[in-house]
*Asks:* 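One structure, as structure tokens, below. Some questions next.
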Amino acid sequence: MAEQTKPWRIIAVRRLSEDQLAALSTVAEVDYFEDVNEANRADFQSALSRAHGLIGGKLDLDEAMLAKAPALQVISTISVGYDHLPLEALNRRGILLCNTPDVLTETTADTAFALIMATQRRLVELADLVREGDWREHIGREHFGVDVHGKTLGIVGAGRIGAAIAKRGALGFGMPILYTAASPKPALEQELGAKQHGLEALLEQADIVCLSVPYNDDTHYLIDADALARMKPTAALVNVARGKVVDEPALVEALHVGRIRAAGLDVFAEEPLPANSPLVAMDNVVTTPHIGSATHETREAMAQLAVDNLMGSLTNSGPRTAVNEDVWRRAAAEAKEV
Ligand code: 8YV
């Protein structure tokens with residue numbers, strides 16, 4: 001019996017379970033790529049020229065590639081951030097973009113807090129000391145850390161993730177919370193006693209500055225040399241947003257000369273972080289390999305949400321979480337008119 005032709009063609013790049021791939025296969029022919037690299041780029045481009053949908057974790061697509069994807073209707077990214085995709089071009093081409101908010105909020109806030117704990121209490125540096133056999137006597141002042149509880153936590157970008165970090169700080173560690181946001185957050189103010197500040201005042205007053213803003217033209221190098229100079233010399237910077245929110249060479253310099261005390265970084269201007277980055281060798285810096293959402297449970301939930309978004313968009317029930325929902329509404333309205 002001839003196999004029934006499926007209406008859609010989609011490209012899946014990495015990160016999907018067998019069940020999720022099987023679900024997608026019920027509605028579409030799936031071209032699966034473990035990764036996109038020089039060796040398979042031509043195959044990827046040829047698949048892209050026929051694809052109606054695309055799902056994956058880190059899909060760097062520029063305008064030139066979109067121009068070669070005339071059938072593309074939906075991109076479902078397995079991430080909440082979408083700074084790697086050209087949103088304006090997608091809007092112009094009527095391509096729906098779906099992302100994965102909410103399901104990673106708590107896990108990413110956990111990661112931020114792990115970095116806060118690690119930088120304040122020097123966990124990595126001191127664990128290394130034990131591992132290297134250098135724990136020979138009771139440790140003294142030169143190895144003391146600084147408290148977490150009671151310190152002022154500055155949240156730069158009190159969106160979903162920033163609010164979840166603030167909650168941990170206020171309710172778990174008795175931390176006064178300062179935050180920046182485009183508009184006031186009454187719930188945070190009432191529940192946590194958080195106070196909205198301008199960026200400069202926040203930088204001047206916080207003991208720990210935690211970055212949780214999306215990356216875009218407005219937040220590029222938001223934390224530059226001037227911003228770092230405003231921070232307390234005893235303060236720590238924690239970044240779970242995007243590397244380029246920080247001017248990395250300026251940060252290296254500030255850490256090197258002690259303009260700030262420490263940094264906990266999960267994201268970098270270049271990822272993977274080159275092994276010869278000065279950040280890697282600094283005792284007062286904790287670096288993690290972009291693990292914000294990287295738990296089994298959360299990555300599974302993100303992948304499932306992305307699968308639901310893609311299938312919902314192609315089969316007309318609609319996406320659960322779309323970035324440019326207008327594109328979807330327009331397409332749905334046009335379909336009704338036909
Ligand atoms: C992703 C993230 O895992 O969701 C995001 O925006 O930064 C991470 O959770 C990362 O972007 C890789 O897909």
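Every number for a ligand or one of its atoms is a count from 1 in the order of the listing. All residue numbers refer to positions in the sequence shown, counting from 1.
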*Asks:* Following the transitive rule for hydrophobic clusters with a side-chain heavy-atom cut-off under 4.5 Å over Ile, Leu, Val, Met, Phe, Trp and Tyr, establish whether Val285 and Leu228 coincide in one cluster.
*Replies:* yes

*Asks:* Number the atoms of ligand 1 from 1 as they appear, then name those within less than 4.0 Å of a heavy atom of Arg242, with their elements.
*Replies:*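 Counting atoms of ligand 1 from 1, those under 4.0 Å from Arg242 are 2 (C), 5 (C), 6 (O), 7 (O), 11 (O).
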
*Asks:* Locate the shortest heavy-atom distance separating Gly198 from Thr180; write the atom from each residue and the value.
*Replies:* C-CG2, 4.1 Å

*Asks:* Going by distance only, is there an N or O of Met302 that falls short of 3.5 Å from an N or O of ligand 1?
*Replies:* no

*Asks:* May I ask you to check if ligand 1 and Val80 share an N or O to N or O distance below 3.5 Å?
*Replies:*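 Yes, Val80 has an N/O under 3.5 Å of an N/O on ligand 1.
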
*Asks:* Quick one: CG on Leu199 to CZ on Arg230, what's the gap to the nearest 0.5 Å?
*Replies:* 8.5 Å

*Asks:* Heavy-atom contacts under 4.0 Å between Ile78 and ligand 1: side chain, backbone, both, or neither?
*Replies:* backbone

*Asks:* Can you confirm whether the side chains of Asp207 and Thr234 place a donor and an acceptor under 3.5 Å from each other?
*Replies:*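 No.
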
*Asks:* What atoms of ligand 1 come closer than 4.0 angstrom to any heavy atom of Gly81?
*Replies:* 4 (O), 5 (C), 6 (O)

*Asks:* Test your reading of the model: is there a side-chain donor-acceptor pair from Thr298 to the backbone of Ala294, 3.5 Å cut-off?
*Replies:* no

*Asks:* Which residue holds the protein heavy atom closest to atom 12 (C) of ligand 1, what is that atom called, and what is the gap in Å?
*Replies:*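 Here the nearest protein heavy atom works out to Arg15 NH2, 3.2 Å.
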
*Asks:* Is the CD atom of Glu142 crowded by more than 12 outside heavy atoms at less than 6.0 Å?
*Replies:*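 More than 12 heavy atoms, drawn from other residues, nucleotides or ligands, come within 6.0 Å of this atom.
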
*Asks:* Any heavy atom of Arg299 closer to ligand 1 than 4.0 angstrom?
*Replies:* yes

*Asks:* For the 3.5 Å polar cut-off, considering only N or O atoms, please tell me whether Ser293 and ligand 1 meet it.
*Replies:* yes

*Asks:* Counting from 1, what ligand 1 atoms have a heavy atom of Leu104 closer than 4.0 Å?
*Replies:* 4 (O), 9 (O)

*Asks:* Taking only heavy atoms of Ser79 into account, list the atoms of ligand 1 that are under 4.0 Å away from them.
*Replies:*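 Counting atoms of ligand 1 from 1, those under 4.0 Å from Ser79 are 4 (O), 5 (C), 6 (O), 11 (O), 13 (O).
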
*Asks:* Below 3.5 angstrom, do we get any N/O pair linking His290 and ligand 1?
*Replies:* yes

*Asks:* If I take atom CD from residue Glu88 and atom CG from residue Asn324, how far apart are they, to the nearest 0.5 angstrom?
*Replies:* 12.0 Å

*Asks:* Can you confirm whether Ser313 sits close enough to Ser76 that some side-chain heavy atom of one is under 4.5 Å from a side-chain heavy atom of the other?
*Replies:*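 Not touching, per the 4.5 Å side-chain cut-off.
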
